[in-house]
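For reference, the structure is listed below as structure tokens.
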Amino acid sequence: MLMARNSRSVLPGFGLSFGITLFWLSAIVLVPLSAVFAKSVTGGWDEFVAAALSDRALAAYRLSFGAALLAAAINCVFGLIVAWVLVRYDFPGKRLFGAAVDLPFALPTAVAGIALTALYADTGLLGAPLAAWGLPVAYQPAGVVMALTFIGLPFVVRTLEPVLAEVSQEAEEAAMTLGATRLQTMARVIFPTLVPALATGFALAFARGAGEYGSVIFIAGNMPFRSEIAPLLIVTQLEEYDFAGAASIAVVMLLVSLAMLLVLNLLQHWQRRRLG
Amino acid sequence: MARPRHLSEPRPLQLLLILVALAYMGLMLFLPLGAVLVQALQDGWTAWLDAVREPDALAAIRLTLLVAGISVPLNMIFGVAAAWAISKYDFRGKTLLVTLIELPFSVSPVVSGLVFVLLFGAQGWFGEWLAARNIEIIFAVPGLVLATVFVTFPFVARQLIPLMTLQGREEEEAALSLGASGWQTFWRVTLPNIRFGLLYGVLLCNARAMGEFGAVSVVSGHIRGETNTMPLHVEVLYNEYNFVAAFAVASLLAGLALVTLVLKSFLEWRHGDELAAARH
């Protein structure tokens with residue numbers, strides 16, 4: 001299975017490059033990840049279930065996954081508008097805004113975390129008026145959603161941009177000549193071609209948000225059962241030397257990651273079929 | 001880019017959409033960035049300078065440079081090797097291999113650190129063996145490097161694999177048939193063809209390596225002046241309510257992010273064709 005099957009390639013170095021790849025992948029990724037699975041069941045299946053599905057853990061999953069879903073949904077709406085504007089319209093400063101989309105990728109998460117907390121704390125620039133309206137953000141579950149919305153924006157925009165640029169002008173022309181209004185064309189011709197990319201962006205933003213740690217812990221408040229995200233619970237259990245407990249929660253997170261990878265691969269197939 | 005008038009929205013709708021997009025980006029991106037700079041300089045330049053010149057801050061900067069200086073070249077070598085194996089040969093299981101290479105992107109940073117604690121920590125698989133030989137991995141530099149290598153693992157490879165697949169192997173085959181050795185072919189033919197893609201991948205890899213928080217936080221142990229990287233130092237200062245110093249160190253990291261974005265945009269602008277392969 002691992003042999004170069006196609007003898008047409010006369011290039012040397014398959015053994016070396018494939019060897020390095022497989023060794024490095026195993027040493028850094030595969031063996032360490034399997035350690036988590038092994039550790040999680042050291043106390044037996046019942047103990048694993050007790051740790052992975054304790055009330056506190058369930059509350060943490062609900063917050064991590066729920067906030068990630070909500071943030072991804074927010075980004076689908078605004079990310080679509082941002083991508084649309086960046087691909088289709090011209091305006092001053094477009095290049096700057098285009099480059100700034102990647103800021104959440106480039107800005108270290110801890111920096112984003114303390115910056116958002118400074119803005120949304122009760123004394124902050126945005127937090128003060130929001131709190132006055134009875135909508136406190138920082139140290140609340142809403143703070144988690146805010147942080148994950150910040151983190152997720154580039155995933156949606158960067159996935160949509162190339163697809164938006166490729167929507168065929170002919171299809172739009174055809175819709176126009178057949179008497180469709182511009183809004184009908186947008187809703188019935190352009191939007192359907194964007195759905196796979198939108199779903200991919202949503203899934204990417206969700207996957208990143210569910211496991212996010214650095215940008216969240218400063219703004220979240222971190223109260224068990226209320227504003228404690230799942231990655232923080234892992235850290236807490238680790239600090240209490242409950243290694244099996246930490247590994248059990250990590251296994252649940254990993255299984256969700258693997259499921260998301262599968263979903264993303266399926267979405268990619270769907271998108272490729274759509275684009276022909 | 002501008003499309004024919006009849007294939008675009010009415011002007012008022014366009015303006016509305018542009019305003020919504022810019023307002024959203026201003027609120028979500030520019031305001032937090034501005035907040036870092038304002039908070040860092042709220043007590044003036046001397047306070048900023050004192051905060052970034054203080055011994056623990058300097059130790060954190062040195063450690064961050066050291067960890068990134070080890071992790072990035074390791075992943076660069078891996079990335080080139082993986083892209084060479086995957087793009088220049090045909091073998092079964094290639095899709096699976098590519099998926100596994102990208103796996104670290106889907107793993108929570110905290111889990112990425114946890115795996116190495118479970119392997120090398122005092123209670124870990126190799127804990128006793130390492131303790132008997134006085135080898136420190138967790139709560140020391142090797143652990144920080146391992147965690148950083150894990151989270152930055154896919155960056156270079158995922159940039160090069162689509163690019164080198166697109167380029168095929170004809171040029172290399174031509175060089176070989178003209179009598180070049182394998183390494184000569186790599187240095188003189190392949191590398192010049194992929195240098196900007198490689199640079200791009202290394203740039204993103206480095207930004208993440210220097211800014212990583214969750215994974216290194218788990219393996220660091222937070223020993224001041226010893227195992228705190230810059231992001232961890234920011235956290236320590238912040239939790240001590242030393243906000244000016246925390247934001248001062250954070251502003252250095254924000255500067256790194258801005259430099260990364262500028263270089264990235266420059267590469268996309270000048271060498272977009274070469275980088276485009278990876279964006280699909």
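All chains are named by letter (A, B, ...) in the order of the sequence lines, taking the proteins before the strands, and each is independently numbered beginning at 1. Just so it is clear, the values below take in all heavy atoms, side chains as well, and ignore hydrogens, waters and symmetry mates.
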Flag, side chain of B:Y89 to backbone of A:L11, donor-acceptor distance under 3.5 Å = yes

Would you confirm whether A:S64, through its side chain, and A:Y61, through its main-chain N or O, come within 3.5 Å as a donor-acceptor pair?
-> no

Report which part of [X] has an atom under 4.5 Å of a heavy atom belonging to chain A: side chain, backbone, both, or neither.
{"X": "B:M28", "answer": "both"}
{"X": "B:A81", "answer": "both"}
{"X": "B:P104", "answer": "side chain"}
{"X": "B:L29", "answer": "both"}
{"X": "B:S251", "answer": "neither"}
{"X": "B:V107", "answer": "both"}
{"X": "B:V249", "answer": "neither"}
{"X": "B:L256", "answer": "neither"}
{"X": "B:L176", "answer": "side chain"}
{"X": "B:Q14", "answer": "both"}
{"X": "B:F30", "answer": "side chain"}
{"X": "B:L74", "answer": "both"}
{"X": "B:F150", "answer": "both"}

Heavy atoms, side chains only, cut-off 4.5 Å: are B:V244 and B:Q39 in contact?
-> no

Do B:V234 and B:M230 come within less than 4.5 Å of each other through their side chains, counting heavy atoms only?
-> no

Region of [X] in contact with chain B, defined by heavy-atom distances below 4.5 Å:
{"X": "A:L232", "result": "neither"}
{"X": "A:I217", "result": "side chain"}
{"X": "A:S215", "result": "neither"}
{"X": "A:L107", "result": "both"}
{"X": "A:F150", "result": "both"}
{"X": "A:L254", "result": "side chain"}
{"X": "A:F23", "result": "neither"}
{"X": "A:M186", "result": "side chain"}
{"X": "A:V256", "result": "neither"}
{"X": "A:L126", "result": "side chain"}
{"X": "A:L25", "result": "both"}
{"X": "A:L264", "result": "neither"}
{"X": "A:L119", "result": "side chain"}
{"X": "A:L103", "result": "both"}

Do A:L261 and B:E102 pass the side chain to side chain contact (heavy atoms under 4.5 Å, CB included) test, and can you show the C-alpha distance, the side-chain angles, and the key distance before you say yes or no?
-> CA-CA 9 Å; A:L261 264 184; B:E102 297 203 359; 5.7 Å; no

Answer with yes or no after comparing the ring centroid distance for [X] and [Y] against a 6.0 Å cut-off, counting only values under it.
{"X": "A:F97", "Y": "B:Y24", "value": "no"}
{"X": "A:F14", "Y": "B:F91", "value": "yes"}
{"X": "A:F206", "Y": "A:F155", "value": "no"}

Show the numbers, then the answer: is there a side chain to side chain contact (heavy atoms under 4.5 Å, CB included) between B:I77 and A:W24?
-> CA-CA 10 Å; B:I77 294 168; A:W24 205 227; over 6 Å; no

May I have the step-by-step check of side chain to side chain contact (heavy atoms under 4.5 Å, CB included) for A:N265 and B:T95, ending in yes or no?
-> CA-CA 10 Å; A:N265 273 333; B:T95 322; 5.9 Å; no

Please rank [options] by heavy-atom pairs under 4.5 Å with chain B and give me the top one.
{"options": "A:A175, A:A210, A:A99", "answer": "A:A99"}
{"options": "A:A207, A:A83, A:A250, A:P231", "answer": "A:P231"}
{"options": "A:A27, A:S34, A:A118, A:G13", "answer": "A:G13"}
{"options": "A:P32, A:S257, A:A110", "answer": "A:P32"}

First locate atom CZ of B:F155, then atom CZ of B:F105, and finally report the distance between them rounded to the nearest 0.5 Å.
-> 4.0 Å

Separation between OH (A:Y89) and CG (B:L17), nearest 0.5 Å, reads 4.5 Å

Enclosure of A:Y241 OH (heavy-atom neighbours >12, cutoff 6.0 Å) = no

Heavy-atom neighbours of B:Q184 CD exceed 12 at 6.0 Å = yes

For the candidates [options], which exhibits the highest count of non-hydrogen atom pairs separated by less than 4.5 Å from chain A?
{"options": "B:V149, B:V218, B:L27", "result": "B:V149"}
{"options": "B:V36, B:L13, B:V110", "result": "B:V110"}
{"options": "B:G26, B:S106, B:S177, B:A35", "result": "B:S106"}

Carboxylate-amine/guanidinium contact A:R95 B:E268, below 4.0 Å | no

Steps toward salt bridge (Lys or Arg N to Asp or Glu O under 4.0 Å) verdict (A:R88, A:E172) | CA-CA 14 Å; A:R88 299 208 157 200; A:E172 290 181 49; 3.1 Å; yes

Would you please test A:E212 and B:S108 for side-chain hydrogen bond (donor to acceptor under 3.5 Å, both in side chains) and show each step?
-> CA-CA 6 Å; A:E212 178 60 21; B:S108 171; over 6 Å; no

Could you tell me whether the side chains of B:T190 and B:E172 share a donor-acceptor contact shorter than 3.5 Å?
-> yes

Between A:M253 and A:F65, is a side chain to side chain contact (heavy atoms under 4.5 Å, CB included) present by the stated rule, with each step listed?
-> CA-CA 10 Å; A:M253 303 290 292; A:F65 297 132; 4.1 Å; yes

